[in-house]
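Comments concern the structure below.
If you're wondering where the values come from, they're calculated on a predicted model, not measured in any experiment.
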Amino acid sequence: MPRGPADGVEDEAALRSLHLLVRHLTADGDRRAAAAGRQARRTYQQMTAI
């Protein structure tokens, strides 16, 4: 299916929204970690350890 000029604009807007969401989630996680007494971010392995 051919792509038109508006397709790139929508993709860029979606990408900006995703980056903003990740930024907010990271900031929220950092605040929660600080409240729990942790200063360094946890690795994926640490988060999934049981």
Side-chain angles (χ1 to χ4, degrees):
M1 176 182 277
R3 293 177 54 118
D7 289 336
V9 173
E10 291 173 11
D11 292 345
E12 289 176 19
L15 189 57
R16 278 194 303 274
S17 294
L18 176 62
H19 283 219
L20 184 61
L21 173 63
V22 170
R23 200 173 308 133
H24 284 290
L25 290 173
T26 302
D28 180 57
D30 289 347
R31 280 191 299 274
R32 289 172 184 250
R38 291 188 306 269
Q39 293 183 2
R41 291 184 179 161
R42 295 184 295 165
T43 64
Y44 180 75
Q45 184 178 12
Q46 291 169 323
M47 288 186 266
T48 57
I50 297 176

Non-hydrogen side-chain atoms of L15 and D11 separated by less than 4.5 Å: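 Side chain of L15 against side chain of D11, heavy atoms only: no contact under 4.5 Å found.
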
Distance in Å, L21 CG paired with H19 NE2, rounded so as to fall on 0.5 Å steps: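 The NE2 atom of H19 is 10.5 Å from CG of L21, to the nearest 0.5 Å.
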
Interatomic distance, T48 atom OG1 to R42 atom CZ [nearest 0.5 angstrom]: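 Going from the OG1 atom of T48 to the CZ atom of R42 covers 9.5 Å.
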
Evaluation steps, side chain to side chain contact (heavy atoms under 4.5 Å, CB included), between V22 and L18: CA-CA 6 Å; V22 170; L18 176 62; 4.3 Å; yes

CD (Q45) with more than 12 external heavy atoms under 6.0 Å: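 Open: at most 12 neighbouring heavy atoms sit under 6.0 Å from CD of Q45.
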
